[in-house]
Chemist: 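Below you'll find the structure I mean.
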There are 4 protein chains.
Amino acid sequence: MSPRKLDKTSKKKEILFAATKVFAMKGVANTKMSDIALEAGIGKGTIYEYFQSKDAIFYESFRFFMEQTDSLIANRLDKIQNPKAKLEAWIDGWLESLSNSLDQIGIMMDYWAEGIRSRKEDSAFNIKNIYEKYRQTIKKILDEGVSLGIFKPVNTMISASILIGTLDGLALQWIMDKNLFRFIEASQILKDSFLNGLMKK
Amino acid sequence: MSPRKLDKTSKKKEILFAATKVFAMKGVANTKMSDIALEAGIGKGTIYEYFQSKDAIFYESFRFFMEQTDSLIANRLDKIQNPKAKLEAWIDGWLESLSNSLDQIGIMMDYWAEGIRSRKEDSAFNIKNIYEKYRQTIKKILDEGVSLGIFKPVNTMISASILIGTLDGLALQWIMDKNLFRFIEASQILKDSFLNGLMKK
Amino acid sequence: MSPRKLDKTSKKKEILFAATKVFAMKGVANTKMSDIALEAGIGKGTIYEYFQSKDAIFYESFRFFMEQTDSLIANRLDKIQNPKAKLEAWIDGWLESLSNSLDQIGIMMDYWAEGIRSRKEDSAFNIKNIYEKYRQTIKKILDEGVSLGIFKPVNTMISASILIGTLDGLALQWIMDKNLFRFIEASQILKDSFLNGLMKK
Amino acid sequence: MSPRKLDKTSKKKEILFAATKVFAMKGVANTKMSDIALEAGIGKGTIYEYFQSKDAIFYESFRFFMEQTDSLIANRLDKIQNPKAKLEAWIDGWLESLSNSLDQIGIMMDYWAEGIRSRKEDSAFNIKNIYEKYRQTIKKILDEGVSLGIFKPVNTMISASILIGTLDGLALQWIMDKNLFRFIEASQILKDSFLNGLMKK
DNA sequence: TATGAATGAGCTTTCATTCAT
DNA sequence: GATGAATGAAAGCTCATTCAT
């Protein structure tokens, strides 16, 4: 009597994954809806049953990526009190999140590019706000550490920016040439170096 | 020697600047040939007297940017012997180059994105090779410093990558929110911190 | 006799009514099958259990409209002998039929448009034939009246066309601005005027 | 030095005529941009150099048709004082305008249909207002005639509506079957009959 | 029988590129 | 050399229709 009742959510996710994969490989602008359909193993029209437009897919892909990262980091920060341990947990969370999607990390370029261009504060696609949130989280940890006399009295806002930038930049390097160094190794060095420069002797 | 030739070159450069400006503002994919023509104050068809295609403009824009940076850095490195001073000169050169084009830095996102995607080693547009050159230059300086006992015995390849990545990442942060910190101030901190971590006590 | 059969017929009619309503509001070209399904309170696929295609619905909608008008007029003409009374009955029948569906009269535009375009004589959708039938009916009445010396000796073919055209045209005016005049009032004037011009003094 | 400088206006008009012709034959909804291009003997993309969209073509086609009719009628009314002569001139103008475009009159169905559906008073495409203008012009003539005692004391608003509707309706009949009667002959009858019914004895 | 998820042909529209002037 | 009118390949998107359930 009733037709096949699909799990709409799971199919949507499948399409989202397929799209993200193709976006990462070819770039958003060079990705055709038919490419996504092909990758997802469905018809072109079917995509529109789940997403309003190509832009909407891109946007949701971004959201998904960010939410994943957020929840992963939040889980790690949970219950940790010590600022140094907290900072390490944050960095580890970030790196793990990145590692999880290393094969489709090329899309981050498009996230950034789009984020930079959509300047309007109220834009739904506001990467600036996302980074601001990261920055505030880290700044709070740093402030705490400085108050407790564990960290040097640095400019915590700039330090937070430097940390995030450094991680992004390293990922960028790694994306460009994955044979250059082992990502985990380099990030370990980075983490040690940043923490080392921060800690009071 | 002929004035014709000179005119041709300078007009080409004008178009290139116009294109780079529009690329930076709107992104390469969203930039129309007519946008470039408008910005350059010429006719749409005229562009094709100087460039083969839109891709060619993008490519030459990238080359120009890189050559500028290269020559600026080369000038600073010239005649400096001391590894530490050399490294500082390299970083300063990079930062100055970046500062020169801060207003059109948005295009770097497209450079990176395109560079990441054109993986073929023989691609004319091989950003990987460009970065490899940077890396080698820095690695050589680091190796020298390590040999002379000035720098700690670090993995110089990874350290070079980290330096470049860090600088790129910081620029990325700054691009996203220019009001966040003064670029020069942050880069100074970065430079000090990197050098400090590197130097033997 | 089987209840199944009855159900099927009545459901088909429901769909037909729903479709006609939506057609009238949005125009045939702008009406989606899903709009019809929604209006009829059934699933999109179900429509195809009762109709072959969207075109078939449109065609049957037209047929239904015309058959209704036909039977209404036929009922009124029945048993009337006097040509003048017959003509009045025809006009009244036409007007009553129109009045019955004033709220969905917008679809007549599409009937006409489609009718005009499907020129092929053998087309199932031949509005020309429908009008030809009307014309013949009226012509016959007029011929009768002329023979009997009741009507002036007019060109009965053209007069019939004028009568039908006038009625359609008035409806058209009324459709465009329903607040302009009371439809019944205007049609009464029209009827009087036409009959008056026709009658021998 | 300078490229071919086309007369933009005349080419636009060519496209408009081609479009109107195809619209009339196939209906607006069934007309593809490529059909228009084919008819106009140009490329599909060229149309967009002169019109924003398909809708814009339809709209301008309508405007052109109406402006033509308006100016034709205005020319004829000019300098005529007598109400009866004025009315005759108006009708003749309308008929001449219609005759001029009898071959592409099918598009009127779409004009009407669209006009009926776009109800918003402020819509640029407001056929209701066009007809209102016609109605007012005729009403004024009728009022004048009634004041002067030339016309019977009819409801001039309804009479104006009936006149316009009658003309439209007759055209409709004629469009449906062009072999049925000679348009000019029928319209002459109509004109005589309307005027005859109106004049005081 | 009833359904709505799936589909792809077909549409409008864009824009890099060409080329007559 | 310089131009912009002309173009058509290609893209995003719609929706009548199918069909597995």
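Each chain gets a letter, A, B and so on, in the order its sequence line appears, and its residues count up from 1.
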Chemist: For C:Thr46 and for B:Val28, find the nucleotide of DNA chain E with the closest heavy atom, then tell me which residue's nucleotide is more 5'.
Modeler: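 Taking each residue's closest nucleotide, the earlier one in sequence belongs to C:Thr46.
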Chemist: Whole-Å distance between F:dA9 C1' and A:Lys32 NZ?
Modeler: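 Rounded to the whole Å, the gap is 11 Å.
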Chemist: Whole Å only: how far is the CD atom of A:Glu14 from the C1' atom of E:dA5?
Modeler: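 Roughly 14 Å, once rounded to whole Å.
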Chemist: Would you say A:Lys11 reaches E:dA6's phosphate, i.e. side-chain N/O to OP1/OP2 under 4.0 Å?
Modeler: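 It does, given that an N or O in the side chain of A:Lys11 lies less than 4.0 Å from OP1 or OP2 of E:dA6.
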Chemist: Could you please name the partner base of E:dA2, counting Watson-Crick and G-U wobble pairs only when both distances are under 3.5 Å?
Modeler: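 F:dT21 is the nucleotide pairing with E:dA2.
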Chemist: As a test of understanding, state which of D:Lys26, D:Lys44, D:Lys21 forms a side-chain hydrogen bond (donor to acceptor under 3.5 Å, both in side chains) with D:Asp35.
Modeler: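 It is D:Lys26; the other options fail the test.
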Chemist: Would you say that B:Lys11 contacts B:Ile42 through its side chain, given a criterion of any heavy-atom pair below 4.5 Å between the two side chains?
Modeler: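 When only atoms from C-beta onward are counted, B:Ile42 and B:Lys11 do touch, with a gap below 4.5 Å.
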Chemist: For A:Ile47 and D:Ser34, take the nucleotide of DNA chain E holding the closest heavy atom to each; which residue's nucleotide lies nearer the 5' end?
Modeler: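 It is A:Ile47, whose closest nucleotide lies nearer the 5' terminus.
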Chemist: Could you tell me how far apart B:Met33 (CE) and E:dT18 (P) are, to the nearest whole angstrom?
Modeler: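 Value for this atom pair: 10 Å.
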Chemist: OP1 or OP2 of E:dT3 less than 4.0 angstrom from a side-chain nitrogen or oxygen of C:Tyr48, does that happen here?
Modeler: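 No, because none of the side-chain N or O atoms of C:Tyr48 sits under 4.0 Å from OP1 or OP2 of E:dT3.
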Chemist: Go through E:dA6, E:dT3, E:dA16 for me and flag the one nearest to the A:Tyr50 side chain.
Modeler: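 For A:Tyr50, the side-chain atoms sit closest to E:dA6.
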Chemist: If only atom types and distance count, is the side chain of B:Lys54 paired as donor or acceptor with the main-chain N or O of B:Val28 below 3.5 Å?
Modeler: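 Yes.
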Chemist: Would you kindly compare A:Ser53 and B:Gly45 by the position of their nearest DNA chain F nucleotide and give the one closer to the 5′ end?
Modeler: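 Closest to the 5' end, via its nearest nucleotide, is B:Gly45.
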Chemist: Nearest to the side chain of A:Glu49, which nucleotide is it out of E:dT7, F:dA6, E:dA16?
Modeler: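 Between E:dT7, F:dA6, E:dA16, the one nearest the side chain of A:Glu49 would be E:dT7.
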Chemist: Between E:dT12, E:dT3, E:dA6, spot the one nearest the side chain of C:Ile42, thanks.
Modeler: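 Selected nucleotide: E:dT3.
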Chemist: Quick one: does B:Tyr111's side chain have a donor or acceptor within less than 3.5 Å of a partner on B:Ser61's backbone?
Modeler: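 Yes, because the side chain of B:Tyr111 sits within donor-acceptor range (under 3.5 Å) of the backbone of B:Ser61.
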Chemist: How many Å lie between CZ on B:Phe51 and C1' on F:dG1, as a whole number?
Modeler: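 Going from CZ in B:Phe51 over to C1' in F:dG1 covers 16 Å.
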Chemist: For a 4.5 angstrom cut-off between non-hydrogen side-chain atoms, does D:Phe65 reach D:Ile107?
Modeler: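 Not touching, per the 4.5 Å side-chain cut-off.
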Chemist: Rounded to whole Å, please give me the gap between NZ in B:Lys44 and P in E:dC15.
Modeler: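 Answer to the nearest Å: 11 Å.
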